[in-house]
**Student:** 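Got a structure for you, written out below as structure tokens; questions coming shortly.
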There are 4 protein chains.
Amino acid sequence: MTEHDGKPRQRRKEARPEEIRRAALEELAEKGIAGSTLGGIARRAGISRTTVYLYFETKQDIFEAVARDTVERTIDDAASMMAGFEGPFEQIFTNVIDRIYGQLVDGDASVILRALVSEGREQSEIVEFYHREIFAKGEATMRKMIAMGVARGELVSSAAEIDPRILMSPAIFAGIWSLVFGNIEAIDLERFKRDHVSLVLHGILKSG
Amino acid sequence: MTEHDGKPRQRRKEARPEEIRRAALEELAEKGIAGSTLGGIARRAGISRTTVYLYFETKQDIFEAVARDTVERTIDDAASMMAGFEGPFEQIFTNVIDRIYGQLVDGDASVILRALVSEGREQSEIVEFYHREIFAKGEATMRKMIAMGVARGELVSSAAEIDPRILMSPAIFAGIWSLVFGNIEAIDLERFKRDHVSLVLHGILKSG
Amino acid sequence: MTEHDGKPRQRRKEARPEEIRRAALEELAEKGIAGSTLGGIARRAGISRTTVYLYFETKQDIFEAVARDTVERTIDDAASMMAGFEGPFEQIFTNVIDRIYGQLVDGDASVILRALVSEGREQSEIVEFYHREIFAKGEATMRKMIAMGVARGELVSSAAEIDPRILMSPAIFAGIWSLVFGNIEAIDLERFKRDHVSLVLHGILKSG
Amino acid sequence: MTEHDGKPRQRRKEARPEEIRRAALEELAEKGIAGSTLGGIARRAGISRTTVYLYFETKQDIFEAVARDTVERTIDDAASMMAGFEGPFEQIFTNVIDRIYGQLVDGDASVILRALVSEGREQSEIVEFYHREIFAKGEATMRKMIAMGVARGELVSSAAEIDPRILMSPAIFAGIWSLVFGNIEAIDLERFKRDHVSLVLHGILKSG
DNA sequence: TATGAATGAGTGTTCATTCAT
DNA sequence: TATGAATGAACACTCATTCAT
């Protein structure tokens with residue numbers, strides 16, 4: 001039994017890499033990184049197993065490409081985030097958080113996140129890449145945003161000291177929760193986001 | 001070359017399952033779920049590969065047992081958390097958060113967490129188990145704690161409405177971060193915890 | 001389709017390695033080193049492909065073992081050659097040549113010889129091994145024999161200067177000829193040996 | 001990544017087959033017959049893998065052509081050998097032997113020789129071809145030469161009975177030795193040739 | 001003529017699992 | 001209880017060859 005179903009050979013040089021990446025992402029989402037096979041990817045892409053090797057040197061390469069691809073889109077999205085640095089802090093922050101959820105819960109990034117957690121060995125180049133390109137940059141952006149809020153007098157000055165990753169933790173949590181427990185107990189995302197923002201802004205203590 | 005190295009065959013059929021579980025946890029921590037093999041587990045346990053089958057029906061079974069095991073210990077720990085429901089809310093919360101970090105960042109739970117994320121298929125029984133026994137209970141506990149804080153007048157009344165998972169998200173995040181990026185950029189855990197608690201309590205907005 | 005034909009599992013721990021080596025030698029003889037597959041070896045040995053891995057770590061290992069094995073037997077045989085260092089030179093030489101043909105033309109050594117020629121990359125450990133254990137030793141033995149002949153006054157003194165490999169070249173040639181052209185034009189071995197000995201002893205020039 | 005590197009497409013359909021043969025010979029010399037790939041040949045020839053199929057039907061065909069090609073050159077060379085059938089036998093023989101070494105040790109024939117030994121299946125057409133065109137003819141030539149020597153009274157009459165292949169065996173041996181052990185222990189070719197000729201002419205026995 | 005795209009058949013190797021003792 | 005022996009299923013990857021332009 002072979003992967004592809006014997007359709008006439010189609011020449012799709014341009015489109016293939018993208019198709020393969022998409023197929024790989026699908027496979028990844030469904031089977032996890034351990035369960036993903038080249039055969040599965042090929043089948044999803046509608047090509048033969050060997051054709052994959054025309055575009056990628058190795059299985060690892062495919063997944064790295066997928067990760068990079070997703071990263072790039074995430075980065076592009078992040079860049080557009082920067083643009084909206086106007087208005088009151090609350091609005092900006094809400095906006096940013098919204099974007100993060102879009103990527104991490106609904107978008108492809110959640111699949112990559114899972115792969116990262118699964119295979120995350122420290123020596124992996126892709127892990128370093130992700131750390132450098134996504135998390136470090138995201139952290140820096142957050143820091144800048146907070147500094148701005150402090151400068152404007154909207155935030156308490158101690159806010160500048162807080163580890164910015166804490167401010168976005170609930171989004172990561174939501175992404176993982178959806179992956180693992182999504183079908184058992186889905187998160188009411190809108191509410192969750194609202195609570196997230198509200199907590200970050202006001203805390204829960206009475207006096208403040 | 002076989003797995004076990006011929007150590008004196010100790011007659012401890014009672015202890016075996018526990019030994020295997022411990023070995024599996026080690027293997028899991030070191031190799032990740034994809035890289036874990038029965039042979040590796042057997043070697044660590046000092047027994048032969050086939051002996052494992054006397055105690056567990058399948059590889060999957062072992063890991064489920066390990067997860068359950070860890071869960072139980074986590075639950076016991078959680079139970080002890082309940083005891084300390086005295087003093088001001090801030091102190092209680094700090095205490096609880098401390099425990100969670102202990103489990104999720106330093107303890108065995110992080111290994112299970114990774115496995116959960118890696119292999120987490122919704123249909124998996126172990127996922128349901130984990131959801132039911134850990135997260136749901138943890139959520140309930142948190143909710144109770146908050147309700148208490150509100151009742152005592154320490155917390156804003158709207159706190160009772162907040163999804164309690166948000167309050168512990170940074171801990172989950174820290175656990176995952178340590179697994180994935182731990183060697184690239186370690187988290188200053190004490191500071192992170194302090195920031196976590198502080199944020200949850202006060203938020204970052206000025207007026208409060 | 002698997003290799004072995006579904007016979008009940010037989011436990012033959014002791015005998016297996018030898019059986020596998022024999023199977024590998026067969027396969028080697030029939031298919032050459034390029035055409036030899038693990039599956040073929042397994043089939044010949046009447047076991048499954050994976051069983052081979054219980055006894056050898058890699059395909060390369062098998063062939064090295066086969067080569068070593070054959071070498072050892074050849075060496076043992078060579079050792080027994082030494083014993084016969086009595087009688088007139090002509091007789092001794094005839095004896096030795098006889099042995100060499102036995103190994104190189106009829107025996108397993110021809111198969112190894114072919115493999116050596118086929119795969120003989122300089123870096124290969126097995127090539128060095130063969131050179132050191134077989135050819136160098138053989139050369140030394142020949143040299144000793146000739147020196148003895150000279151000392152006894154049976155051989156011209158210049159014989160001691162001749163590269164001893166020349167004296168056994170026809171045997172190597174016959175071995176290779178049999179491998180390559182054996183079925184097209186078989187060598188009349190008895191005659192060939194007689195001619196070989198005669199040429200080495202008397203040459204073809206009239207005066208002498 | 002493709003094989004050819006986009007050099008200006010030269011219109012030389014005449015030259016192509018020859019170029020491919022040359023490339024194949026290179027590949028054969030470097031990688032051996034097992035390690036030779038169509039891709040490698042194409043790359044060396046500076047064309048694409050599929051272009052090869054315009055000139056040769058199959059990989060096997062290429063190698064047969066290469067062998068034939070080399071054979072032809074060897075035959076041409078052998079023909080020129082014939083011309084020099086003047087002078088004393090010793091000189092003629094020395095000349096012929098010299099030529100054989102030139103082909104078999106230094107020349108392309110050694111590469112073919114190795115391939116022949118490696119893949120030499122009896123049913124192979126190329127083996128028959130080689131046997132018929134090279135060895136049989138060489139044998140005949142040698143036989144003629146010896147007959148001449150006997151007729152002239154230079155050689156013992158029994159020389160006519162000797163299998164002529166024996167007389168050239170050391171050359172074959174030297175060719176193979178160089179291929180296999182060349183890097184470990186090179187042969188001093190001049191000396192080897194001298195010894196070879198000397199042995200064939202005089203033998204090593206004292207009285208003669 | 002020339003080539004890039006595509007593929008089927010095959011290879012060595014790993015691993016969870018079963019058999020026999 | 002414990003284990004060594006054995007195996008089937010699977011997988012990543014290679015390569016000669018064909019298709020379509």
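On a predicted model such as this, the values are computed, not experimentally measured, just so you know. Naming convention: chains lettered A, B, ... in sequence-line order (proteins, then strands); numbering from 1 in each chain.
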**Student:** Please report the distance, rounded to the nearest Å, between CG in Leu38(C) and P in dC13(F).
**Tutor:** 19 Å

**Student:** To the nearest Å, give me how far apart OH (Tyr55(B)) and C1' (dT17(E)) are.
**Tutor:** 18 Å

**Student:** OP1 or OP2 of dC19(F) sitting under 4.0 Å from any side-chain N/O of Tyr53(D)?
**Tutor:** no

**Student:** Expressed in angstrom and rounded to an integer, what is the separation of Ile62(D) atom CD1 from dC15(F) atom C1'?
**Tutor:** 13 Å

**Student:** Please report, rounded to the nearest Å, how far the P atom of dC15(F) is from the CZ atom of Phe63(D).
**Tutor:** 13 Å

**Student:** Would you say the side chain of Ser48(B) and the base of dG4(F) hold a donor-acceptor pair, judged only by whether the two atoms sit under 3.5 Å apart?
**Tutor:** no

**Student:** So which atom in Ile41(D) and which in Ala23(D) form the shortest heavy-atom distance, rounded to 0.1 Å?
**Tutor:** O-CB, 3.5 Å

**Student:** Just wondering, do Arg44(A) and Glu30(A) contact through their side chains at under 4.5 Å, heavy atoms?
**Tutor:** yes

**Student:** Specify the residue among Ser36(B) and Thr51(A) whose closest nucleotide of DNA chain E lies further upstream toward the 5′ end.
**Tutor:** Thr51(A)

**Student:** Taking the side chain as every heavy atom from C-beta outward, state whether Thr37(C) and Lys59(C) have any pair of such atoms under 4.5 Å apart.
**Tutor:** no

**Student:** Roughly, in whole Å, what's the span from CD1 in Ile47(D) to P in dT3(E)?
**Tutor:** 7 Å

**Student:** Please tell me if the side chains of Ile33(B) and Ser36(B) come closer than 4.5 Å, counting only heavy atoms from C-beta onward.
**Tutor:** no

**Student:** Could you tell me the separation between the CD atom of Gln60(D) and the P atom of dC15(F), rounded to a whole number of Å?
**Tutor:** 18 Å

**Student:** Establish whether the base of dT13(E) is bridged to the side chain of Arg49(C) by a donor-acceptor pair shorter than 3.5 Å.
**Tutor:** yes

**Student:** Between Phe56(C) (CZ) and dG12(E) (P), how many Å, whole number?
**Tutor:** 15 Å

**Student:** Is any N or O donor-acceptor pair between the side chain of Thr50(A) and the base of dG8(E) shorter than 3.5 Å?
**Tutor:** yes

**Student:** Quick one: on DNA chain F, does Val52(C) or Gly35(A) contact a more 5' nucleotide (nearest heavy atom)?
**Tutor:** Val52(C)

**Student:** So Glu27(C) and Arg22(C), salt bridge (Lys or Arg N to Asp or Glu O under 4.0 Å) or not? Walk me through it.
**Tutor:** CA-CA 9 Å; Glu27(C) 175 93 349; Arg22(C) 182 153 40 236; over 6 Å; no

**Student:** Could you tell me if the side chain of Arg21(D) sits less than 4.5 Å from the side chain of Phe63(D), heavy atoms only?
**Tutor:** no

**Student:** In whole angstrom, what separates Glu27(C)'s CD from dT11(E)'s C1'?
**Tutor:** 13 Å

**Student:** 5'-most contact on DNA chain E: Lys59(B) or Leu54(D), nearest heavy atom basis?
**Tutor:** Leu54(D)

**Student:** Give me the bend of the helix from dA2(E)-dT21(F) to dT21(E)-dA2(F), using the axes of the five pairs at each end, rounded to 10°.
**Tutor:** 30°

**Student:** Kindly indicate whether the side chain of Thr37(C) and the base of dG10(E) share any N or O donor-acceptor pair separated by less than 3.5 Å?
**Tutor:** no

**Student:** Any non-hydrogen side-chain atom of Pro17(C) less than 4.5 Å from a side-chain atom of Ile20(C)?
**Tutor:** no

